[in-house]
Amino acid sequence: MRPYAISFLLLLLVFARPCLADSTPWQAVWDSETATEKITMSGRANVMTVNDGRSLSATAAVTAARGKIRFDYQTFRRRWSLIDDGTHLIQLHPDRKTALLLERPTLAVDRTLAERNYLAREAGEETAAGRRARIIEIAPRDGGPPVYRLWLDRETRFALKRERYNVEGRLTSGTEYAEVKFGPAVAPEVFAVPQGWVTRQPVDREAKLSLSQLGARLGFAIRSPNYVPPGYVLLGGYEQEWGRRRLRMAELRYTDGLRVLSIFQRERMGGEGMGRHGGRGRGHGRGRGGEDHDRGRGGGFSFGPPGREEMTLIDRGTEKALRYFGRETVVVVVGDLTAEEIVRIAKSID
């Protein structure tokens with residue numbers, strides 16, 4: 001081999017490693033989603049989430065291997081476990097010896113749409129869990145606070161710290177590792193449901209329907225909103241039931257790639273919402289007989305029984321929910337948007 005060819009190969013070996021480490025921010029984000037497929041890891045993390053405006057926290061022992069990860073949570077009052085097996089989430093309740101299978105969330109609903117509407121950008125470098133971490137922010141391209149901040153391990157691209165913010169820039173959830181150790185072997189049974197436990201299977205996957213199909217099922221015309229925020233596209237229509245009275249509603253579900261917007265409709269019953277304008281819901285959480293709702297993300301909310309208010313807005317921190325009485329339709333809008341945009345969406349349907 002000629003000397004200049006050898007020199008070129010040496011240069012390639014020297015510079016290839018940093019180039020691989022400094023992939024584009026978006027590629028590093030997507031790599032972090034599959035980082036557990038290439039590593040084994042044990043560690044300890046602090047986890048927080050906001051629910052109905054209250055901050056809840058727990059510590060967790062974490063184990064990962066072969067694309068699976070397990071969190072063993074502990075608070076002052078209780079303990080439970082959560083297993084992500086790459087297909088769905090398994091919630092283990094040791095006190096009841098039950099396992100509940102849940103829908104598996106991902107960082108992005110639609111990666112292509114996320115890259116179109118959001119910018120992933122470098123935000124420096126810090127030490128996290130004693131390791132060098134590359135900080136990446138994901139923020140709307142048209143301006144505004146970031147939706148995510150990620151601290152990605154320089155060697156493995158595993159997320160050593162993750163924070164999510166709402167549209168106002170308030171922190172709504174976060175996971176931060178206090179310590180991690182890569183490399184120890186992990187037994188396969190760590191990610192299995194213990195023998196003898198009762199397992200509740202997930203519900204059947206929702207059927208995506210057209211507006212005409214939804215209308216035929218529910219017996220009234222489903223209206224599309226005349227306004228949705230820029231960047232949001234329709235995922236599909238779905239038939240839903242709400243509350244103890246099992247009110248049948250149509251859901252039109254939209255996304256901008258990262259956030260989800262749901263618009264629910266049902267026929268208005270006589271006497272509903274005839275009265276004051278701009279009333280606000282008093283309570284959070286589930287109410288008796290109210291139009292409560294749970295999208296599988298850790299809780300529900302309730303507007304209470306249908307009253308005489310024209311409009312009721314609830315801010316849970318992670319998202320807002322608005323119930324609006326139109327001339328013929330009751331509309332409920334749920335999403336991580338400003339109150340002004342949610343009101344505009346609801347009124348655009350009527």
Side-chain angles (χ1 to χ4, degrees), residues 33 36 42-52 54-109 159 162 164 172-175 186-208 235 238-247 249 251 253 260 262 264 284-288 290-302 316-319 321 334:
E33 291 272 84
T36 56
S42 63
R44 183 171 55 86
N46 299 312
V47 183
M48 67 79 60
T49 186
V50 173
N51 187 32
D52 290 334
R54 296 182 303 163
S55 178
L56 308 175
S57 60
T59 59
V62 188
T63 308
R66 299 175 293 279
K68 302 178 181 181
I69 188 166
R70 172 173 175 152
F71 293 83
D72 293 304
Y73 294 99
Q74 179 72 56
T75 66
F76 178 73
R77 295 185 176 182
R78 66 190 185 104
R79 61 188 179 92
W80 72 101
S81 300
L82 190 66
I83 298 172
D84 179 353
D85 67 1
T87 304
H88 47 250
L89 295 182
I90 307 170
Q91 196 173 78
L92 301 178
H93 298 278
D95 53 339
R96 300 192 297 267
K97 297 190 183 308
T98 60
L100 175 64
L101 274 66
L102 305 170
E103 182 182 354
R104 181 180 184 267
T106 56
L107 184 144
V109 179
R162 176 183 289 192
R164 175 147 190 172
T172 59
S173 65
T175 300
V186 177
E189 55 267 26
V190 169
F191 306 105
V193 176
Q195 288 187 350
W197 285 32
V198 176
T199 301
R200 293 174 55 189
Q201 297 292 332
V203 296
D204 294 335
R205 184 173 295 276
E206 299 166 300
K208 186 184 297 186
L235 284 172
Y238 305 88
E239 182 182 358
Q240 304 287 6
E241 289 185 342
W242 279 37
R244 295 188 181 185
R245 295 187 300 169
R246 305 187 70 82
L247 299 171
M249 303 186 78
E251 178 192 3
R253 193 177 304 166
V260 174
S262 290
F264 299 86
H284 293 180
R286 294 192 180 276
R288 293 184 178 180
E291 290 181 320
D292 55 320
H293 175 48
D294 185 352
R295 286 196 288 180
R297 288 181 290 174
F301 53 77
S302 175
R316 300 189 65 209
T318 54
E319 61 190 4
V334 183

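What you are looking at is a predicted structure, and each value in this text was computed from that prediction instead of being measured.
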Determine the minimum heavy-atom distance between [X] and [Y], stating which atoms define it.
X: F191; Y: A65; value: CZ-N, 3.8 Å
X: T63; Y: V186; value: CG2-CG1, 3.5 Å
X: L92; Y: W80; value: O-CB, 3.5 Å
X: Q91; Y: L102; value: NE2-CD1, 3.9 Å
X: T172; Y: G317; value: CG2-O, 3.5 Å
X: E33; Y: L107; value: OE2-N, 3.1 Å

Partner set under salt bridge (Lys or Arg N to Asp or Glu O under 4.0 Å) for R104, not counting sequence neighbours: D84
How long is the gap from [atom1] on [X] to [atom2] on [Y], to the nearest 0.5 Å?
X: T59; Y: R44; atom1: OG1; atom2: CZ; value: 7.5 Å
X: T49; Y: R54; atom1: OG1; atom2: CZ; value: 11.5 Å
X: E251; Y: F264; atom1: CD; atom2: CZ; value: 3.5 Å
X: E103; Y: T87; atom1: CD; atom2: OG1; value: 13.0 Å

Y238: ring-ring contact (aromatic ring centres under 6.0 Å, His included) partners, not counting sequence neighbours: none
Are the side chains of [X] and [Y] in touch, meaning some heavy atoms are under 4.5 Å apart?
X: I90; Y: S81; answer: no
X: V260; Y: R253; answer: yes
X: P188; Y: R66; answer: yes
X: T98; Y: R200; answer: no

Worked verdict on N51 versus R316 for side-chain contact (heavy atoms from CB on, under 4.5 Å): CA-CA 6 Å; N51 187 32; R316 300 189 65 209; 2.4 Å; yes
Salt-bridge present (E189, R70; N to O < 4.0 Å): no
